[in-house]
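Below is one structure, written out as structure tokens, with a few remarks after it.
Note that ligands are numbered from 1 as they come in the structure, with each ligand's atoms numbered from 1 the same way. Only heavy atoms go into these numbers, but all of them, side chains included; no hydrogens, no water, no symmetry mates.
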Amino acid sequence: MSEYLFSPPAIASVPIRGRSERFAVNRIFCAGRNYHAHAAEMGSSVNKGVDPPFYFTKAANTLVPSGATVAYPPGTKNYHYEMELVIALGKPGFRVSEADAHQLIYGYASGLDMTRRDIQLFAREKGRPWDLGKDFEESAVCSEVVPMPGVALERAAIALEVNGTTRQSSDIDKLIWNVREIIADLSRYYHLQAGDLIYTGTPEGVGAVVAGDHLTGRVEGVAEIALTIGPAE
Ligand code: MN
């Protein structure tokens, strides 16, 4: 006997390298402006120690697996990629110190924070929420999760190509708030849970894509990611 009027949505999940179990996704947190060169290309600057980090979220049902073809989304004429390191949490934590933050880490993935840039910038200018620009269907692309329990990554090359041409190339050692700092800071505001994903922010070189484009990216030592942009519906 079902308790629900209609079938509830499936649990969002991503594959785990080397395991048959999948990584069930709870929440998706995304850090904004976490590389100086990207903040600059967006017309901002970050003064760490004065400006706190900030975040937005995407619903778990925005997840798209690596290798997918997504429809060019509605309501935008400036659809952007943002290549990011993703932290996958395997343990809960609240008010965690930077020194203990690694204990929450299950592993890492490569992610694309797909963005309706025109809508995000309009919202930013008007002081409105970023949801329409960031939290939309098929906007959170994620590779397999690679188990690296308890490892706080400090450096790894991060890169993205569009149709084979390099558009983003940096290193996660340029994160303004690093893996430990992001986890500790988020845990001041949320009871972090196993299954939470944290997109750590994108380096410089973001740009627009159009139908037919093929994106490939990677975080060195973590995972490859790929996405194809299909026509608008
Ligand atoms: Mn981003």
Side-chain angles (χ1 to χ4, degrees), residues 14 25 27-46 48 51-60 62-64 66 70 73 76 78-89 108-125 128-143 153 156-162 167-179 181-183 185-186 189-190 196-209 213 215-219 222-223 225-227 229:
V14 289
V25 175
R27 290 170 295 193
I28 304 175
F29 298 105
C30 304
R33 292 176 207 152
N34 204 14
Y35 290 82
H36 287 295
H38 172 63
E41 74 180 351
M42 296 300 292
S44 305
S45 61
V46 178
K48 189 180 182 183
D51 305 320
F54 73 94
Y55 310 94
F56 55 90
T57 57
K58 297 191 185 220
T62 66
L63 275 171
V64 178
S66 176
V70 298
T76 184
N78 196 16
Y79 178 45
H80 274 212
Y81 55 81
E82 295 190 357
M83 179 68 205
E84 311 200 359
L85 170 71
V86 179
I87 309 167
L89 299 186
Y108 295 91
S110 291
L112 287 166
D113 164 17
M114 300 304 291
T115 301
R116 294 193 275 217
R117 188 72 72 202
D118 41 1
I119 296 180
Q120 182 214 358
L121 293 181
F122 181 76
R124 191 178 83 174
E125 179 187 320
R128 293 176 182 171
W130 286 11
D131 301 44
L132 282 176
K134 287 291 195 178
D135 182 12
F136 58 95
E137 294 158 8
E138 302 185 314
S139 67
V141 189
C142 193
S143 75
L153 272 186
I158 180 170
L160 179 110
E161 302 90 35
V162 179
R167 299 293 186 191
Q168 294 190 277
S169 180
S170 186
D171 195 289
I172 63 157
D173 68 2
K174 295 187 172 61
L175 284 166
I176 299 172
W177 287 276
N178 66 25
V179 166
E181 291 168 324
I182 286 286
I183 292 171
D185 186 70
L186 262 178
Y189 302 97
Y190 297 95
D196 288 342
L197 296 178
I198 306 170
Y199 283 60
T200 55
T202 194
E204 71 276 18
V206 300
V209 287
D213 282 346
L215 286 66
T216 51
R218 74 206 51 77
V219 178
V222 178
I225 192 168
L227 186 71
I229 312 302

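Closest approach between the Mn ion (ligand 1) and any N/O/S atom of Glu84 involves OE2. For the Mn ion (ligand 1), the nearest N, O or S atom contributed by Asp113 is named OD2. Among the heteroatoms counted here (N, O or S) of Glu82, OE1 is the one nearest to the Mn ion (ligand 1).
Among the candidates Leu112, Leu63, Val86, the single residue satisfying the side chain to side chain contact (heavy atoms under 4.5 Å, CB included) test with Val141 is Leu112.
Within a 6.0 Å sphere centred on OH of Tyr190, other residues, nucleotides and ligands contribute 12 heavy atoms or fewer.
Atoms OG1 and OH, on Thr200 and Tyr35 in that order, are 5.0 Å from each other to the nearest 0.5 Å.
In this structure, Arg116 is positioned above the aromatic face of Phe136, its NZ or CZ under 6.0 Å from the six-membered ring centre and within 45° of the axis.
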